[in-house]
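Nothing fancy with the numbering, it's 1 onward along the sequence.
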Amino acid sequence: MAKEFRSSGKDVVQKIWKEFGLNEQMMKESVGALKKWLAMEPHLPQESGSLHEARLERWLIRCKNNMERTKQSIDLYYTLKSLSPDLMCDWNPRSKWYQDAVQTTCFFPMPELTPEGDRVIMIKYLTKDAFNFVPEDVSKVGLMTTEIRMCEEYCFSDIIVLDMENYTIGHACKMTFTTVKKVEVCLMKGFSTRLKALHIINAPSYAEVFIGTLKAALSSKLTSRINVYGKDLTNFTKQVPQMSLPDDLGGTGGSLQENWNLWLKKLDSYHDWFLQHNNFKSDERKRLGGDFNSGDLFGFDDSFRRLNLD
């Protein structure tokens, strides 16, 4: 039976703090320093509360206790909410787009960390019918999931498992480089996700186009961490502990659908917070030192929504 996703235990937190040269007092001081820095940046929103402080902690950990890198990631996160509202805003788990998206694809973290302290993230197309499949909307659900993890959990890095069992030509026709690249920037730079491995399983032959697009969007460092498997999962199951996999893949973490149902409840519990948080984004008119150059970040301009600074 699937377990409910819970905040990381104190032992896990202490282990991760130690890895990055932190303790409780140092973390408190670092979060305080980040709050003071945010207050001095006129283009960034002023948040408060326990969840805000929790997220600052996770940013610091995800950036390996590098203060300048943490500031850059936080700044970029709020900037992306202005640059790409199609992915980073309108996070409403009771809206029509959301209800359709969660019926087509699941995107959730398994409740048990690996012995090394990594988190397995499951992504699977739930139906072969791609009529209601909208890549941008599915991506938004994934980013909402990441946001909750920023509020609640500690881990060293992510192990993403993309199950393509139900992937069809219909899905393939809807995937574009632009969407893949934007999601990569939001996850890897805005949220500073640390990717240990991406395992693509049950990949049909026509998935090569999507995999090629994925590799084109990622850095060579991340591309080297992609592993592709067909129907034979023998080698895959040697890479990921059973405790961190769903029963459907030979694990002991409960069925994929049970885990997804529990995570949907978790997403819904953040409904009010998501609606409030939609308003927290950068105001580029107030940015000191000039406008943000999105071309440097994404490598393209024309297909990306430009800021309206008027």
Side-chain angles (χ1 to χ4, degrees), residues 20 30-31 33-48 51-91 121 136 139-151 153 155 157-158 160 177-195 217-219 221-222 273-274 276-309:
F20 298 115
S30 294
V31 169
L34 287 172
K35 290 169 69 175
K36 289 181 180 178
W37 164 74
L38 281 164
M40 295 169 57
E41 297 294 326
H43 68 293
L44 297 179
Q46 301 305 307
E47 294 194 58
S48 61
L51 286 185
H52 175 54
E53 293 192 0
R55 290 159 67 241
L56 294 180
E57 279 193 26
R58 274 61 172 193
W59 254 306
L60 196 67
I61 292 297
R62 285 170 172 244
C63 294
K64 300 182 179 180
N65 194 22
N66 183 314
M67 183 62 72
E68 288 308 308
R69 183 180 165 193
T70 303
K71 291 177 181 179
Q72 292 171 7
S73 182
I74 293 172
D75 190 331
L76 180 58
Y77 163 85
Y78 288 115
T79 303
L80 286 167
K81 289 172 74 69
S82 293
L83 284 173
S84 187
D86 55 327
L87 292 181
M88 294 289 286
C89 293
D90 188 26
W91 289 358
I121 310 300
E136 293 80 6
S139 299
K140 278 204 289 189
V141 175
L143 293 169
M144 292 164 68
T145 297
T146 304
E147 187 76 82
I148 293 177
R149 294 179 59 212
M150 289 285 285
C151 294
E153 76 147 2
C155 71
S157 56
D158 287 1
I160 297 178
F177 173 82
T178 300
T179 298
V180 173
K181 183 61 181 178
K182 287 164 68 175
V183 172
E184 183 265 340
V185 171
C186 291
L187 280 175
M188 301 301 169
K189 297 183 179 180
F191 283 107
S192 286
T193 297
R194 295 205 305 275
L195 182 65
L218 299 178
S219 66
K221 180 180 179 180
L222 293 179
W273 187 84
F274 279 140
Q276 179 187 26
H277 205 256
N278 280 329
N279 299 317
F280 291 117
K281 60 184 70 175
S282 69
D283 184 345
E284 295 303 312
R285 293 168 297 184
K286 298 179 180 179
R287 181 184 290 274
L288 301 176
D291 297 340
F292 182 86
N293 189 338
S294 63
D296 290 344
L297 178 62
F298 303 105
F300 55 88
D301 284 315
D302 293 339
S303 56
F304 208 87
R305 178 185 181 276
R306 289 181 177 275
L307 285 170
N308 181 358
L309 301 179

Trainee: Just checking, any donor-acceptor pair under 3.5 angstrom between side chains of Y78 and E41?
Mentor: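 Absent: no donor and acceptor within the cut-off.
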Trainee: Roughly how far, to the nearest 0.5 Å, is CG of L51 from SG of C151?
Mentor: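 If I round to the nearest 0.5 Å, the distance is 4.5 Å.
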Trainee: Under 4.0 Å between a side-chain nitrogen and a carboxylate oxygen: does that hold for E147 and R55?
Mentor: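 A salt bridge links E147 with R55.
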Trainee: What's the spacing between I74 CD1 and L34 CG if we round to 0.5 Å?
Mentor: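 Result: 5.0 Å between the selected atoms.
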Trainee: Only counting residues at least two apart or in another chain, list the ones meeting side-chain hydrogen bond (donor to acceptor under 3.5 Å, both in side chains) with S30.
Mentor: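 S30 satisfies side-chain hydrogen bond (donor to acceptor under 3.5 Å, both in side chains) with no other residue.
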Trainee: Would you check if P42 and L288 make a side-chain contact, meaning some heavy-atom pair closer than 4.5 Å?
Mentor: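 Touching, per the 4.5 Å side-chain cut-off.
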Trainee: Side chains of W37 and L44, heavy atoms from C-beta outward: is any pair under 4.5 Å?
Mentor: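 Yes - at least one pair of side-chain heavy atoms lies under 4.5 Å apart.
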Trainee: Give a yes or no on whether the backbone of K189 and the side-chain of S73 come within a donor-acceptor separation of less than 3.5 Å.
Mentor: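 Yes, the answer is positive, given that a donor and an acceptor are paired below the 3.5 Å cut-off.
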Trainee: Once rounded to the nearest 0.5 Å, what's the spacing between atom SG of C89 and atom CG of N279?
Mentor: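 One finds 8.5 Å between SG of C89 and CG of N279.
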Trainee: Yes or no on side chain to side chain contact (heavy atoms under 4.5 Å, CB included) for D158 and L187, after CA distance, side-chain angles and deciding distance?
Mentor: CA-CA 11 Å; D158 287 1; L187 280 175; over 6 Å; no
Trainee: Could you give the distance from CD1 (I61) to CD (E153), rounded to the nearest 0.5 Å?
Mentor: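 I61 atom CD1 to E153 atom CD measures 12.0 Å (nearest 0.5 Å).
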Trainee: Please work out whether the ring planes of Y77 and W59 are parallel, tilted or perpendicular, with thresholds of 30° and 60°.
Mentor: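 Plane angle over 60°, so perpendicular.
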Trainee: Is any side-chain heavy atom of I121 less than 4.5 Å from a side-chain heavy atom of T145?
Mentor: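 Heavy-atom side-chain distance check fails, nothing below 4.5 Å.
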Trainee: Output yes when a side-chain donor or acceptor of T193 lies under 3.5 Å from a complementary backbone atom of M188, and no otherwise.
Mentor: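 Between the backbone of M188 and the side chain of T193 there is no qualifying donor-acceptor contact (under 3.5 Å).
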Trainee: If you round to the nearest 0.5 Å, how far is SG of C63 from CZ of R58?
Mentor: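 That separation rounds to 14.0 Å.
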Trainee: Does F280 have any ring-ring contact (aromatic ring centres under 6.0 Å, His included) partners at least two apart in sequence or in another chain, and if so, which?
Mentor: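 Testing F280 for ring-ring contact (aromatic ring centres under 6.0 Å, His included), a comparison that skips the adjacent residues, returns H277.
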Trainee: Would you confirm whether R62, through its side chain, and R194, through its main-chain N or O, come within 3.5 Å as a donor-acceptor pair?
Mentor: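 No, R62 side chain to R194 backbone: no donor-acceptor pair under 3.5 Å.
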Trainee: If you take all heavy atoms of V180 and A217, which pair is closest and at what distance?
Mentor: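 Minimum heavy-atom contact is CG1-CB, 3.7 Å.
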Trainee: If you take all heavy atoms of D86 and S84, which pair is closest and at what distance?
Mentor: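 Heavy atoms of D86 and S84 come nearest at OD1-OG, 2.6 Å.
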Trainee: How long is the straight-line distance from CD1 of I160 back to CG of L195, given to the nearest 0.5 Å?
Mentor: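 That separation rounds to 5.0 Å.
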Trainee: Under the side-chain hydrogen bond (donor to acceptor under 3.5 Å, both in side chains) rule, collect the residues that match up with E57, sequence neighbours excluded.
Mentor: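 Applying side-chain hydrogen bond (donor to acceptor under 3.5 Å, both in side chains) to E57 gives Y154.
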Trainee: For T79 and R287, test the side chains for any donor-to-acceptor distance below 3.5 angstrom and give the result as yes or no.
Mentor: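 Side chains of T79 and R287: pair found under 3.5 Å.
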Trainee: Given the rule in the salt bridge (charged side-chain N to carboxylate O under 4.0 Å, His left out) test, do E136 and K182 qualify, once you have shown the distances and angles that lead to the verdict?
Mentor: CA-CA 10 Å; E136 293 80 6; K182 287 164 68 175; over 6 Å; no
Trainee: Heavy-atom distance under 4.5 Å between the side chains of V31 and L60, does that happen here?
Mentor: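 Contact flag for V31/L60 side chains = no.
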Trainee: Without swapping roles, check the side chain of N278 against the backbone of D90 for a donor-acceptor pair under 3.5 Å.
Mentor: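 Side chain of N278 to backbone of D90: a pair is present.
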Trainee: For the residue pair S139 and T179, what are the closest heavy atoms and their distance?
Mentor: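 For S139 and T179, the tightest heavy-atom pair comes out as OG-CG2, 4.3 Å.
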Trainee: Within the distance-only criterion (no hydrogens, no angle test), does the side chain of K281 pair as donor or acceptor with the backbone N or O of S82 below 3.5 angstrom?
Mentor: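 Pair absent, no side-chain N/O of K281 close to backbone of S82.
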